[in-house]
2 protein chains.
Amino acid sequence: MPRSPAPTSADIRKVAQEAGVSIATVSRVLNNPQRVSAATRERVLEAAARLGYRPNPLGQRLRKGRAETVGVVIPAPQGRFADSFFLELLAGLGEGLSGAGLDLLVTTSPPGPQELASYQRLVEGKRVDGLVLARTRQRDERILYLLEHKVPFVVHGRSDLIHEPFPYLDIDGERGFRQAAQHLIALGHRAVAFIGAPHELNFAQHRLAGYRRALEEAGLPLRREWVLEGDLSEESGYRLTLALLDLPRPPTAILCANDLMALGALRALRERGLKAGQEVSVIGYDDIPQAHYTDPPLSTLHQPFREMGRRLVEMLLARLAGTPAEELQEIWVPELILRGSDGPPQS
Amino acid sequence: MPRSPAPTSADIRKVAQEAGVSIATVSRVLNNPQRVSAATRERVLEAAARLGYRPNPLGQRLRKGRAETVGVVIPAPQGRFADSFFLELLAGLGEGLSGAGLDLLVTTSPPGPQELASYQRLVEGKRVDGLVLARTRQRDERILYLLEHKVPFVVHGRSDLIHEPFPYLDIDGERGFRQAAQHLIALGHRAVAFIGAPHELNFAQHRLAGYRRALEEAGLPLRREWVLEGDLSEESGYRLTLALLDLPRPPTAILCANDLMALGALRALRERGLKAGQEVSVIGYDDIPQAHYTDPPLSTLHQPFREMGRRLVEMLLARLAGTPAEELQEIWVPELILRGSDGPPQS
DNA sequence: GCACGAGATGTAAACGTTTTCCATTACCCT
DNA sequence: AGGGTAATGGAAAACGTTTACATCTCGTGC
């Protein structure tokens with residue numbers, strides 16, 4: 001009676017025995033095939049296949065001194081759901097990593113000081129070889145920590161108050177919002193408001209700067225009461241838009257630092273009986289799937305999160321291979337997508 | 001000049017030397033403290049602290065033959081974002097796991113046959129000790145696969161066509177939708193429609209059954225044209241609601257199998273100039289954060305995803321410790337939250 | 001006074017790899 | 001023929017733990 005292969009129990013020793021070679025040779029066949037003659041290579045591969053051999057990652061990792069794992073800490077706020085853009089990024093990271101045979105270790109943590117503890121656990125506990133960060137702050141303590149501990153990492157976004165070089169991939173938010181504001185101004189708007197992100201977030205500054213620059217270039221004054229700071233939630237977009245509409249001189253166009261807030265803005269307009277894209281224009285940022293389905297469809301700046309995730313993996317692998325940080329800094333150009341929530345001001 | 005402790009390089013041998021004991025004793029102090037005398041225990045702990053020693057998980061894992069890791073595969077569809085409820089579940093899982101010192105390995109995969117490959121990689125590659133599944137189908141191949149390979153796992157949701165026992169935690173969707181439908185009927189609705197989930201999803205059946213049962217119990221006929229199947233996206237809720245409104249006899253109330261579709265329903269109503277909660281009632285399922293902020297606020301059935309994540313970890317740990325699957329099956333009762341999108345039918 | 005058990009510690013083997021040396025063989029060139 | 005070199009494969013030492021087993025030291029009961 002033929003024994004069915006017990007695929008779970010084959011180790012390198014069994015394969016070596018089966019192929020009539022030493023375990024060193026088996027290992028070489030798998031890691032360094034050209035170091036071994038074609039004939040024995042064939043023999044070993046056959047034996048391995050016959051036994052259903054898969055190298056045990058635990059042994060490999062100990063021997064190599066690497067965890068073969070990349071870590072991500074997702075900021076998950078207490079009261080509300082984390083932005084689903086993280087899932088999108090995760091998907092991109094996962095695609096890239098599985099290709100490279102690396103694992104993705106995910107932790108969630110409420111944003112704040114406790115966050116750093118998660119990083120410590122991953123780094124000082126030697127659980128990961130590298131990290132991916134997102135949602136950077138202007139002077140991001142996580143980056144400082146990782147730089148200090150010399151842990152390889154890549155960043156989605158920049159951290160403008162840190163001058164030591166580190167690898168990052170960012171979208172040019174200034175350019176994006178400058179373009180968006182220019183577009184609105186070209187349509188004839190003179191009263192363009194801005195609902196920004198929490199000011200400690202790095203991209204908040206860029207997007208604001210793009211807005212200011214466009215106004216400046218057009219010779220329009222910057223009115224303080226038209227520049228508000230939201231918390232990126234739909235609800236805050238809603239609330240702040242109502243506040244804008246209640247001003248003595250309400251704006252005719254609103255730039256929102258993300259789509260979620262733009263959705264809130266659309267809701268506020270609707271509630272006030274104002275037609276978005278006609279009476280008041282709205283432009284968001286991110287291009288979340290929902291943006292297709294609002295009424296009117298939301299004009300926004302596209303961020304290709306999944307692609308960015310894939311690229312971040314490539315950069316991290318390069319970093320792990322020794323590429324200097326300076327050579328791993330990319331800024332992508334966002335794409336302004338006009339769908340209908342923008343339009344010329346009325347009369 | 002005092003050398004600062006090089007925290008990254010201390011291994012168990014160094015600690016042993018520093019404390020003047022053997023490495024076995026150091027290990028015992030950490031894993032089995034009562035096996036060693038108070039005096040030496042103290043000495044070892046001090047030495048460990050002085051050197052900043054942290055056991056290297058790679059060594060532990062190899063020795064223990066466990067990856068100390070739990071895996072999750074998130075279905076991330078190509079075109080659109082994955083449901084953010086997964087992030088919420090992830091947060092709950094993470095909280096539970098970090099308490100237990102386990103890592104969370106996350107993979108994403110488009111739903112479908114390729115999904116199983118991800119599971120194989122995790123399981124046959126010995127990368128995880130256990131798994132968490134979610135978004136189950138009626139006869140879920142992933143569960144069959146894991147049962148066959150005798151891998152410990154727990155499930156968020158059930159899989160009704162699988163009769164072998166396995167550990168799960170589910171919300172009683174039938175009861176939830178029965179209650180929701182009863183509520184609408186009690187308000188006076190006689191034309192209650194149902195926008196369901198893809199029928200292969202296990203919970204789709206339960207929610208539908210609850211709806212049918214409530215109608216039956218009230219002696220109301222089940223009209224086929226009022227029972228539709230969506231894909232859980234906002235857009236499909238929108239589209240199907242329009243279809244319902246175009247019927248010769250449109251419903252006065254709509255039950256949606258998730259909140260995202262309910263949001264779409266609200267949008268469709270608004271577009272048709274119908275007041276939700278007055279002219280047409282809508283009830284969703286999940287209680288996503290957005291449900292607070294719709295107009296009117298969305299009535300829905302609450303699912304405590306984060307808590308469920310935490311509980312799932314406890315169950316998985318129990319499972320890993322040998323608790324039989326039969327003792328790890330829980331069904332929680334959902335809570336109907338009335339916010340305003342439901343109301344009596346007009347006239 | 002002595003065997004005995006309990007308690008505390010040390011020794012060494014294991015976990016499954018990769019990789020550094022060596023040893024052997026074969027080959028080529030002079 | 002002899003010596004250098006390349007190709008090939010094996011032996012053994014890591015990697016950092018945990019743990020079975022052996023050893024040693026006491027106190028204790030006889």
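No experiment lies behind these values; they were computed from the predicted model shown. Convention: sequence-line order gives letters A, B, ...; per-chain numbering from 1. The figures that follow rest on heavy atoms only: side chains count, while hydrogens, waters and symmetry mates do not.
In terms of the side chain to side chain donor-acceptor pair (under 3.5 Å) criterion, residue partners of Glu330(B) (sequence neighbours excluded) are, by chain and number, Arg311(B), Trp332(B). Looking at residues two or more places apart in sequence or on another chain, you find a side chain to side chain donor-acceptor pair (under 3.5 Å) between Glu18(A) and Arg50(A). By the side-chain contact (heavy atoms from CB on, under 4.5 Å) test, Leu105(B) is found to be paired with Asp103(A), Thr69(B), Thr107(B), Leu122(B), Arg127(B), Val128(B), residues two or more places apart in sequence or in another chain being considered. In this view, Pro33(A) and Arg41(A) satisfy the side-chain contact (heavy atoms from CB on, under 4.5 Å) rule, not counting sequence neighbours. A search for side chain to side chain donor-acceptor pair (under 3.5 Å) contacts involving Asp170(B) returns Arg158(B), not counting sequence neighbours. Evaluation of the side-chain contact (heavy atoms from CB on, under 4.5 Å) rule for Arg43(A) yields Val21(A), Thr40(A) as partners, not counting sequence neighbours. Arg63(B) is linked by a side-chain contact (heavy atoms from CB on, under 4.5 Å) to nothing, counting only residues two or more places apart in sequence or in another chain.
The distance from atom CZ of Arg61(B) to atom C1' of dT17(C) is 16 Å, rounded to the nearest whole Å.
Base engagement by Arg13(A) is indicated by at least one non-hydrogen atom pair under 4.0 Å involving a base atom. Within the 4.0 angstrom heavy-atom criterion, base atoms lie near Ile12(A). Leu62(A) comes within contact range of at least one nucleobase, with a heavy-atom separation under 4.0 Å.
Note that the first and last nucleotides of DNA chain D, 5' to 3', having any atom under 4.0 angstrom from a heavy atom of chain A are dT8(D) to dG16(D).
Residues Arg66(A) and Ile23(B) each lie close to DNA chain C; by heavy-atom proximity, the contact nearer the 5' end of the strand is made by Ile23(B).
Every pair tested for ring pair (Phe, Tyr, Trp, His ring centres under 6.0 Å) that includes a residue from residues 90-128 of chain A fails, sequence neighbours excluded, so the list is empty. Among pairs with a residue in residues 19-38 of chain B, none fulfils salt bridge (Lys or Arg N to Asp or Glu O under 4.0 Å), at least two apart in sequence or across chains.
Between Arg61(B) and Glu68(B) there is no salt bridge, since no side-chain nitrogen of the basic residue lies less than 4.0 Å from a carboxylate oxygen of the acidic one. Salt bridge absent: Glu115(B) and Arg135(B) never bring a charged side-chain N and a carboxylate O closer than 4.0 Å.
Between its two ends, the helix from dG1(C)-dC30(D) to dT30(C)-dA1(D) turns its axis by 60°, counting five pairs per end and rounding to 10 degrees.
Of all the residues in residues 26-40 of chain A, Ser27(A), Arg28(A), Asn31(A) reach under 4.0 Å from DNA chain C with at least one non-hydrogen atom.
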